[in-house]
Chemist: 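Before we start, here is the structure in question, set down as structure tokens.
Side chains included, hydrogens not; waters and symmetry mates left out as well; all remaining heavy atoms used.
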Amino acid sequence: MTGATASITILSVLGLTGCSSSAEEDWDAIASGEDGVVGSVELRSVLLVASEEGQPGRLLGTFNNESGETIDVTISDDDEEATITVPAEGQFPLDTNEVIFDTVGDAPGALTTVTAATADETTDLQIPVMDGTLERYEPYLPD
């Protein structure tokens, strides 16, 4: 390999591996939950915020309904459930619509299993449990 060819190869590799925009980095910093799909509803960045295991936890994320019909999505863990009505061709953002579980079965830092169900389909998600250590989640800690 000639010196010129080696330089071009190195520059090409550096150019491919060093590309990322600050917008992508910001999105990754915010979107730390689990994604999934149940029926026609996309579940985006779903997580729970709780101060500790056994305490109340707030569900966060966004549910996107791509269908032309309103869809009920039931989110459940081992001992409780919440039903969320997602409008036709619309969203249900959980940062502005409060959904609280009375108890969270796993400590912050762990993954916990929740089930998302519609009338036609069911899926399990492994979602993170966060606490107020990261400043962006502190406002969502249940009282």
Side-chain angles (χ1 to χ4, degrees), residues 1 5-143:
M1 186 180 295
T5 305
S7 296
I8 291 171
T9 302
I10 290 171
L11 289 175
S12 295
V13 170
L14 288 175
L16 291 175
T17 61
C19 293
S20 73
S21 72
S22 62
E24 287 174 15
E25 291 169 9
D26 289 345
W27 173 254
D28 290 339
I30 295 168
S32 60
E34 181 66 20
D35 294 338
V37 175
V38 61
S40 302
V41 179
E42 295 177 353
L43 312 171
R44 296 288 178 212
S45 197
V46 181
L47 58 90
L48 278 168
V49 180
S51 60
E52 60 185 69
E53 181 178 353
Q55 294 298 308
R58 181 167 177 180
L59 193 65
L60 287 180
T62 302
F63 293 8
N64 295 314
N65 181 358
E66 299 293 324
S67 78
E69 297 179 21
T70 298
I71 297 177
D72 287 335
V73 177
T74 301
I75 302 292
S76 59
D77 64 5
D78 289 338
D79 62 349
E80 58 192 305
E81 65 183 39
T83 299
I84 297 165
T85 301
V86 187
E89 297 177 8
Q91 293 185 335
F92 191 93
L94 291 162
D95 62 335
T96 56
N97 296 287
E98 190 172 272
V99 174
I100 305 285
F101 283 173
D102 291 333
T103 58
V104 174
D106 292 289
L111 294 177
T112 193
T113 301
V114 295
T115 300
T118 63
D120 301 322
E121 191 174 325
T122 300
T123 190
D124 288 335
L125 297 173
Q126 290 283 315
I127 64 172
V129 179
M130 308 299 284
D131 61 13
T133 302
L134 296 175
E135 192 174 303
R136 68 179 167 264
Y137 296 119
E138 188 175 7
Y140 300 108
L141 284 169
D143 294 330

Chemist: OH of Y140 to CG of L134: how many Å apart, nearest 0.5 Å?
Modeler: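 So the gap between those two atoms works out to 13.0 Å.
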Chemist: Please lay out, stage by stage, how T85 and D72 fare under the test side chain to side chain donor-acceptor pair (under 3.5 Å).
Modeler: CA-CA 4 Å; T85 301; D72 287 335; 2.7 Å; yes
Chemist: Heavy-atom distance under 4.5 Å between the side chains of P108 and T133, does that happen here?
Modeler: no
Chemist: Roughly how far, to the nearest 0.5 Å, is CG of D131 from CD of Q55?
Modeler: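 Q55 CD to D131 CG: 12.5 Å, rounded to 0.5 Å.
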Chemist: Looking at every non-hydrogen atom in both residues, tell me the closest pair between T103 and E80 and how far apart they are.
Modeler: N-OE2, 3.0 Å
Chemist: Any idea which heavy atoms bring E34 and P128 closest together, and the distance?
Modeler: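 In this case the closest contact between E34 and P128 is N-CD, 4.2 Å.
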Chemist: Any side-chain heavy-atom pair from F63 and L94 closer than 4.5 angstrom?
Modeler: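 Yes, at least one pair of side-chain atoms sits under 4.5 Å.
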Chemist: To check you understand the geometry: which heavy-atom pair defines the closest contact between V38 and A116, and what is its length?
Modeler: CG2-O, 3.5 Å
Chemist: For E98, enumerate each residue passing the salt bridge (charged side-chain N to carboxylate O under 4.0 Å, His left out) test, keeping only those at least two apart in sequence or located in another chain.
Modeler: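 Counting only residues at least two positions away or on another chain, E98 forms a salt bridge (charged side-chain N to carboxylate O under 4.0 Å, His left out) with R58.
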Chemist: Determine whether P56 and D102 make a side-chain contact, defined as any pair of heavy atoms from C-beta on separated by less than 4.5 Å.
Modeler: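 Answer no - side chains too far apart.
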Chemist: Is there a side-chain contact between I75 and V46 (heavy atoms, below 4.5 Å)?
Modeler: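 Of all side-chain heavy-atom pairs linking V46 with I75, none is under 4.5 Å.
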Chemist: Taking all non-hydrogen atoms of both residues, which atom of V104 and which atom of A50 are closest, and how far apart?
Modeler: CG2-CB, 3.8 Å
Chemist: Please test L48 against D106 for side-chain contact (heavy atoms from CB on, under 4.5 Å), starting from the C-alpha separation and ending with a verdict.
Modeler: CA-CA 10 Å; L48 278 168; D106 292 289; over 6 Å; no
Chemist: Could you pull out the closest heavy-atom pair between A82 and V99, with the gap in Å?
Modeler: CB-CG1, 3.6 Å
Chemist: Identify every side-chain donor-acceptor pair in residues 117-125 under 3.5 Å, counting partners at least two apart or on other chains, and give the distances.
Modeler:
unit_1: T118; atom_1: OG1; unit_2: D120; atom_2: N; d: 3.3
unit_1: T118; atom_1: OG1; unit_2: E121; atom_2: N; d: 3.2
unit_1: T118; atom_1: OG1; unit_2: E121; atom_2: O; d: 3.4
unit_1: E121; atom_1: OE1; unit_2: G39; atom_2: N; d: 3.2
unit_1: D124; atom_1: OD1; unit_2: T115; atom_2: OG1; d: 2.7

Chemist: Does any part of the side chain of V41, heavy atoms only, come nearer than 4.5 Å to the side chain of F92, both counted from C-beta?
Modeler: no
Chemist: How would you list, by chain and number, every residue that makes a salt bridge (charged side-chain N to carboxylate O under 4.0 Å, His left out) with R44, sequence neighbours excluded?
Modeler: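 So R44 forms a salt bridge (charged side-chain N to carboxylate O under 4.0 Å, His left out) with D35, E42.
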Chemist: When you measure from the side chain of T62 to the backbone of P93, do you find a donor-acceptor pair of N or O atoms at a distance under 3.5 Å?
Modeler: no
Chemist: What is the distance from atom CG of N64 to atom OG of S40, rounded to the nearest 0.5 Å?
Modeler: 12.0 Å
Chemist: Are N97 and I84 close enough that some pair of their side-chain heavy atoms sits under 4.5 Å apart?
Modeler: no
Chemist: What's the shortest heavy-atom distance between D95 and L60, and which atoms?
Modeler: CA-CD2, 3.9 Å
